[in-house]
Amino acid sequence: MIITPKVRGFICLTAHPKGCEQNVVNQINYVKSKGPIEGPKRVLVLGASTGFGLASRITSAFGANAATIGVFFEKPAAEGKPGSPGWYNTAAFEKEAQKAGLYAKSINGDAFSDEIKRTTLDLIKADLGQIDLVIYSLASPRRVHPKTGVIHNSVLKPIGQPFSNKTVDFHTGNVSEVTITPASDEDIANTVAVMGGEDWEMWIDALKAENLLAPGATTVAYSYIGPSLTEAVYRKGTIGRAKDHLEATAFTISDKLKDLNGKAYVSVNKALVTQASSAIPVIPLYISLLYKVMKAKGLHEGTIEQIQRLFQERLYTGGEVAVDEKGRIRVDDWEMRDDVQAEVAALWEKASTESLPEIGDLQGYRTDFFNLFGFEVPGVNYDEDVNELVEVPGLV
Ligand code: NAD
Ligand code: NA
């Protein structure tokens with residue numbers, strides 16, 4: 001079929017298999033161009049199909065030659081109905097891994113559930129024995145709690161008082177004022193239940209209980225901080241409470257890994273266009289200004305550049321892992337540079353529907369958004385009839 005984008009707000013209902021494949025190949029080539037990483041040999045990636053998790057899987061496999069198991073929640077392709085981008089990304093990843101002689105298996109299902117944890121543990125036991133690195137990169141709007149059965153829905157709201165600021169509809173370029181009502185206590189608790197550290201700890205507990213973590217095992221989860229501009233809706237909002245919890249959980253997990261000489265880290269990453277971040281009000285305007293400033297300074301990175309740098313220059317340098325005063329790895333260092341933030345703050349004051357095309361990188365935002373779904377990828381012929389029914393070779 002001929003597949004075109006069907007956009008509904010900040011989601012696209014279709015995905016292009018060839019475009020997704022090209023994105024994955026480009027990421028693999030980038031990692032290879034940066035040379036080998038003396039890193040982990042057996043890696044489990046939770047949230048492995050898109051965004052930072054996919055980049056982590058690609059860096060592990062094609063940078064460190066690691067065997068990878070990826071867990072994700074994606075929609076398979078069906079006759080006349082394209083699968084989700086993460087489905088096609090994984091199909092492409094598995095194909096390239098096979099070609100390179102790398103072990104790669106994938107599990108599609110709810111990582112929050114006991115059932116998917118069981119399937120994953122059994123696969124590790126059967127095929128890899130133990131794991132050296134666990135990447136925790138889930139981003140989800142909901143979680144069915146495996147012990148209580150309660151459905152938790154996360155929200156993106158300020159805490160305490162309403163928050164008003166500028167936002168942009170990145171499709172039309174229309175800049176307007178948005179007011180977000182504050183969260184209730186229940187909203188906060190639900191968001192922490194979905195995006196906090198409880199599930200990360202459950203995974204590590206389950207792996208450790210069955211002796212599936214290798215000596216010196218490392219685990220990394222991803223967080224975000226960002227500037228004061230977005231603080232009310234991000235770091236001091238409901239999602240920020242979840243990130244506080246996630247960051248605190250790193251210490252709890254590190255204590256549990258002491259006997260293995262293992263360690264848990266949180267890596268604070270840069271703001272990027274992903275399916276998760278497009279849904280947050282105010283953030284798309286911030287990102288379009290940030291992209292403009294960082295590109296002009298030659299500092300711009302995508303998910304693959306971020307994660308390749310995390311592995312090569314933070315986690316696997318052969319020396320100590322550099323962390324901030326709160327124990328966090330920082331690869332948002334370039335985003336948070338004083339000169340970058342001062343320029344973004346000045347542009348923010350001026351941002352309007354009229355000025356944004358010139359002062360912001362709205363085009364870069366849009367292109368990245370369409371790229372997430374395999375559209376507007378250079379070198380792909382979108383007039384070509386493609387087979388939407390793509391299989392994931394290593395699907396368990
Ligand atoms: P993403 O939406 O691209 O990826 C989410 C992944 O989680 C996908 O692989 C998806 O299939 C998987 N997933 C979702 N629900 C699942 C479930 N129930 N079971 C199994 N898999 C499930 O998101 P992302 O932006 O890469 O986010 C990953 C992490 O990075 C999050 O913790 C996010 O907060 C953090 N982060 C994001 C940014 C950003 O700007 N995007 C910046 C810093 C940190
Ligand atoms: Na991810």
Side-chain angles (χ1 to χ4, degrees), residues 10-11 15 20 23 44-58 69-76 83-90 93 106-117 119-120 135-146 151-154 156 191 194-197 199-200 202-203 220-226 230 234-235 238-240 242-247 249-250 266-280 283-284 286-287 290-291 301-304 306-307 310 328-332 335-336 365 368-369 371-373 392:
F10 44 75
I11 184 87
C20 290
N23 282 335
L44 171 64
V45 183
L46 306 165
S49 54
T50 59
F52 286 110
L54 173 65
S56 305
R57 190 175 196 185
I58 291 173
I69 292 176
V71 181
F72 48 78
F73 210 5
E74 298 294 342
K75 187 167 66 88
S84 55
W87 179 265
Y88 291 134
N89 290 340
T90 305
F93 172 84
S106 296
I107 295 168
N108 187 24
D110 181 6
F112 297 129
S113 70
D114 287 342
E115 187 200 338
I116 288 296
K117 288 187 176 74
T119 305
T120 310
I135 295 286
Y136 191 83
S137 188
L138 299 180
S140 174
R142 78 200 279 273
R143 172 177 175 222
V144 181
H145 197 284
I151 299 173
H152 299 282
N153 289 298
S154 70
L156 295 157
T191 306
V194 180
M195 290 298 285
D199 182 61
W200 183 24
M202 283 180 169
W203 269 100
V220 184
Y222 297 138
S223 189
Y224 182 67
I225 298 175
T230 61
Y234 198 96
R235 195 64 208 209
T238 48
I239 181 72
K243 292 302 185 190
D244 290 345
H245 187 270
L246 185 80
E247 291 173 17
T249 304
V266 158
S267 171
V268 182
N269 300 347
K270 173 195 190 213
L272 280 170
V273 180
T274 63
Q275 293 182 64
S277 67
S278 307
I280 312 177
I283 298 282
Y286 169 70
I287 291 182
L290 180 74
Y291 272 27
E301 297 175 292
T303 48
I304 196 66
Q306 278 268 291
I307 300 300
L310 168 66
R328 304 171 296 203
I329 299 172
R330 305 295 295 264
V331 287
D332 66 337
E335 168 181 356
M336 299 312 285
Y365 193 104
D368 276 11
F369 177 80
N371 283 179
L372 293 176
F373 303 91
V392 172

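Heavy atoms only: backbone and side chains are in, while hydrogens, waters and symmetry mates are out. Both counts, for ligands and for their atoms, begin at 1 and track the order of listing. One-based numbering along the sequence shown.
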Between Asn269 and Ser267, do the side chains contain a donor N or O and an acceptor N or O under 3.5 Å apart?
yes
Please list, in number order, the atoms of ligand 1 under 4.0 Å from a heavy atom of Ala48.
9 (O)
Near Gly51 (heavy-atom distance under 4.0 Å), the atoms of ligand 1 are 3 (O), 26 (O)
Ranking Tyr224, Phe52, Phe72, Phe73 by closest non-hydrogen atom to atom 37 (C) of ligand 1, top hit is Phe52
Consider only side-chain N and O atoms of Ser223 and Glu247, and report whether a donor and an acceptor are under 3.5 Å apart.
yes
Pull out every atom of ligand 1 sitting under 4.0 Å from any heavy atom of Ser137, numbered as shown with elements.
5 (C), 6 (C), 7 (O), 28 (C), 29 (C)
Of Gly109, Ala242, Gly47, the one whose closest heavy atom lies nearest atom 20 (C) of ligand 1 is Gly109
Identify, with sequence neighbours excluded, every residue that meets side-chain contact (heavy atoms from CB on, under 4.5 Å) alongside Ala250.
Trp200, Ala264, Val266
Hey, does Arg143 sit under 4.0 Å from ligand 1 if you only count heavy atoms?
no
Output the list of atoms in ligand 1 that are nearer than 4.0 Å to some heavy atom of Lys243, sorted by atom number.
31 (C), 32 (O), 33 (C), 34 (O)
Between Ala48 and Arg57, the two heavy atoms sitting closest are CB-CD, 4.1 Å
Identify, with sequence neighbours excluded, every residue that meets side-chain contact (heavy atoms from CB on, under 4.5 Å) alongside Tyr224.
Pro227, Tyr234, Ala271, Tyr286, Glu335
Roughly how far, to the nearest 0.5 Å, is the CG atom of Leu272 from the OH atom of Tyr291?
4.5 Å
With heavy atoms of Leu272 as the reference, note each atom of ligand 1 found under 4.0 Å away.
39 (C), 40 (O), 41 (N)
Short N/O distance, under 3.5 Å, between Gly53 and ligand 1?
no
Tell me whether ligand 1 is touched by Arg142 - counting only heavy atoms on the residue side and a distance under 4.0 Å.
no
By number and element, which atoms of ligand 1 are closer than 4.0 Å to a non-hydrogen atom of Ser140?
15 (N)
Atoms of ligand 1 less than 4.0 Å from Ser223 heavy atoms?
43 (C), 44 (C)
Taking NZ, NE, NH1 and NH2 as the nitrogens, is one of them in Arg143 or Asp110 under 4.0 Å from a carboxylate oxygen of the other?
no
Test of understanding: given a 4.0 Å heavy-atom threshold, classify the contact between Thr274 and ligand 1 as side chain, backbone, both, or neither.
side chain
Check ligand 1 against Ser49 and write out every atom of the ligand that is under 4.0 Å from a heavy-atom position of the residue.
8 (C), 9 (O), 10 (C), 11 (O)
According to the interplanar angle, ranging from 0 to 90°, do the rings of Phe52 and Tyr222 count as parallel (below 30°), tilted (30 to 60°) or perpendicular (above 60°)?
tilted
Does ligand 1 have any atom that is closer than 4.0 Å to a heavy atom of Ala221?
no
With side chain to side chain contact (heavy atoms under 4.5 Å, CB included) as the criterion, how do Thr90 and Glu74 come out once you've worked through the C-alpha distance, each side chain's angles and the decisive distance to 0.1 Å?
CA-CA 10 Å; Thr90 305; Glu74 298 294 342; 5.6 Å; no
Asn108 side chain reached by Phe72 side chain, heavy atoms, under 4.5 Å:
yes
Close approach, Gly86 and ligand 1, non-hydrogen under 4.0 angstrom:
no
